[in-house]
Protein chains: 2
Amino acid sequence: MGIPQPSLNRLPQYHHYLNQLKAKGINTVSCSLIGLDLNLVPVQIRKDLQYTGIVGKPKTGYAVAELIAAIETFLGWNNVQEAFLVGAGNLGTALLGHERFSTFGLRIVAAFDTDPEKIGQWIHGKMVLPLEKLADLAKRMSIHLGIITAPAECAQWIAEKMVSGGIQAIWNFAPVRLNVPPEIIVHNEDLYSSLASLSWKLAQRFNIPFQQDGGSN
Amino acid sequence: MGIPQPSLNRLPQYHHYLNQLKAKGINTVSCSLIGLDLNLVPVQIRKDLQYTGIVGKPKTGYAVAELIAAIETFLGWNNVQEAFLVGAGNLGTALLGHERFSTFGLRIVAAFDTDPEKIGQWIHGKMVLPLEKLADLAKRMSIHLGIITAPAECAQWIAEKMVSGGIQAIWNFAPVRLNVPPEIIVHNEDLYSSLASLSWKLAQRFNIPFQQDGGSN
DNA sequence: CATATCTCGATATTTTTTTATCGATATCCA
DNA sequence: TGGATATCGATAAAAAAATATCGAGATATG
């Protein structure tokens, strides 16, 4: 893997924080400061940042701009990936509207759906196309990334269309495990899974009110 | 913590899978089978399930229905939490429309916004109210869960309103770290963070095409 | 009814991730 | 200019999570 998954997940957090610093005109930052603001121990931050290849200066810390650039380069955020999105429902529409994705290396170039009502519409400047055209278009436009925001029932079928169109990575918002060839990168964004931790913690709070662990994480 | 975070995150995956089995009329399941379908090693599944308190039978495995119930009880999904959502934009609308949340212990009862255009509208059967009313209503209705789907700039301010209204847990979709009292449970749902792993893996794929690790996870 | 096989649950081991420690070095201040 | 201090980077230790192993019990089969 090269970098631990948890470190990978923290990098965008640093990225966001550093951009705030930059906006405030702060040019240099230490792990101690980041840790103070982000509630993490400095050593961990230092280790995470080391994966990006950045080097800091003792006593001073890191150059904010350099650090931002290092994270972006490391994550591949400076060469923008074009993506197709399938499922122009509520969630799909939300993602299509997220203009800020382009700052994070993602540009959704078209949406697909099977609903005749939706096909032909423009959502946030992107045309909704019939799903049958996906594979062919993906090939011709060399699209490597697909986003599934369709209902769980259709997800597998959509994934197969994506794969047949040469798509290499799928960002899947449907709560199903996709069955695809092993070389395809699948990232599941399961809101229910996320909700689970929250419910559990909340349930704990109300069932065992005397044992308040106070962790905000 | 009681249960490791990764285990907690896997439980909904099992839950979903088990429901599929149930729908197919399968009454009993072993960890080996789950593992085969979900691409996990049986021991890990067994350990995860043990946290829910379920006991299986050698040779047979677990009773599907019992197992589903055990997970739901463990996660607190059978006593539904009512929640307020703030930010009736694209993402907020998407979440308001997710009727299935109620199956997972979550019922969004009202939406809030500051935009006069939105206030008074009904979105998926939920009224959009002015944000000023949040704290008071939360108190009166004993709402313990808040969902933030507003822009990053407003998130901190919204969080404070929630806290003042007695809300105990916040599901935060804005990409900012919220500054709240330590006893408040905050769960950040950062799409950019999620995107990071995906971008990184995709970048790896295109930069080092000869080192195909083939991991679909 | 005995034996082979499967799977659980518990314990042990390995791996991964987090946290601690320490010497080296850059900056600040007297 | 010299010493105090903060912070990095590297190495080491600790904690957490994943995986392996094994005995015991349940079911099927001959």
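These numbers were taken from a predicted model, which means no experiment stands behind them. Just so we're on the same page: letters track the sequence lines, and every chain starts at 1.
- Under a 3.5 Å cut-off, the side chain of A/Gln156 and the backbone N or O of A/Asn179 do form a donor-acceptor pair.
- Contacts of residues 51-58 of chain A with DNA chain D (heavy atom under 4.0 Å): A/Val55, A/Gly56, A/Lys57, A/Pro58.
- The phosphate of D/dG9 has OP1 or OP2 within less than 4.0 Å of a side-chain N or O from A/Tyr62.
- Taking only side-chain nitrogens and oxygens, A/Ser32 comes nearer than 4.0 Å to OP1 or OP2 of D/dT7.
- Between A/Ile34 atom CD1 and D/dA6 atom P the separation is 18 Å, expressed in whole Å.
- In this structure, B/Cys31 and B/Leu49 approach most closely via the heavy-atom pair SG-CD1, 4.5 Å.
- A side-chain donor from one of A/Thr73 and A/Asn78 sits under 3.5 Å from a side-chain acceptor of the other.
- At a cut-off of 3.5 angstrom, counting only N and O atoms as typed in the model, there is no donor on one side facing an acceptor on the other between the side-chain of A/Lys59 and the base of C/dT25.
- The interatomic distance linking A/Leu8 (CG) with C/dT18 (C1') rounds to 17 Å, in whole Å.
- B/Ser30 has a side-chain polar atom (N or O) that falls below the 4.0 Å cut-off from OP1 or OP2 of C/dT7.
- No hydrogens or angles considered: a donor-acceptor pair under 3.5 Å links the side chains of A/His124 and B/Asn90.
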N/O to N/O distances under 3.5 Å, protein versus nucleotides 10-20 of chain D:
{"from": "D/dA18", "atom 1": "OP1", "to": "B/Arg10", "atom 2": "NH1", "distance (Å)": "3.2"}
{"from": "D/dA18", "atom 1": "OP2", "to": "B/Arg10", "atom 2": "NH2", "distance (Å)": "3.0"}
{"from": "D/dA18", "atom 1": "O5'", "to": "B/Gln44", "atom 2": "NE2", "distance (Å)": "3.4"}

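- The backbone N or O of B/Tyr62 sits less than 3.5 Å from a side-chain atom of B/Thr28, completing a donor-acceptor pair.
- Side chains of B/Asp48 and B/Leu40 form no contact here, defined as non-hydrogen atoms less than 4.5 Å apart.
- Residue A/Ala155 comes nearest to A/Val176 through the heavy atom pair CB-CG2, 3.6 Å, listed as atom of the first residue, atom of the second, then distance.
- Separating the CG atom of B/Leu33 from the C1' atom of C/dT7 is a distance of 12 Å, rounded to the nearest angstrom.
- Exactly one of B/Val180, B/Ile158, B/Asn188 qualifies for a side-chain contact (heavy atoms from CB on, under 4.5 Å) with B/Asn172. That residue is B/Asn188.
- In summary, the side chains of B/Gln81 and A/Ser199 do not present any donor paired with an acceptor at a separation below 3.5 Å, with no hydrogens or angles considered.
- A heavy-atom distance below 4.0 Å to DNA chain C is reached by none of the residues of residues 14-23 of chain B.
- In this pair, A/Phe104 and B/Tyr192 present their aromatic rings parallel. The plane angle is below 30°, not in the 30 to 60° band.
- Atom C1' of nucleotide C/dT7 and atom CD1 of B/Ile45 are separated by 13 Å, given to the nearest angstrom.
- In this entry the distance linking CG of A/Asn39 with C1' of C/dT18 reads 15 Å, nearest Å.
- Under a 3.5 Å cut-off, the side chain of A/Thr149 and the backbone N or O of A/Val86 do form a donor-acceptor pair.
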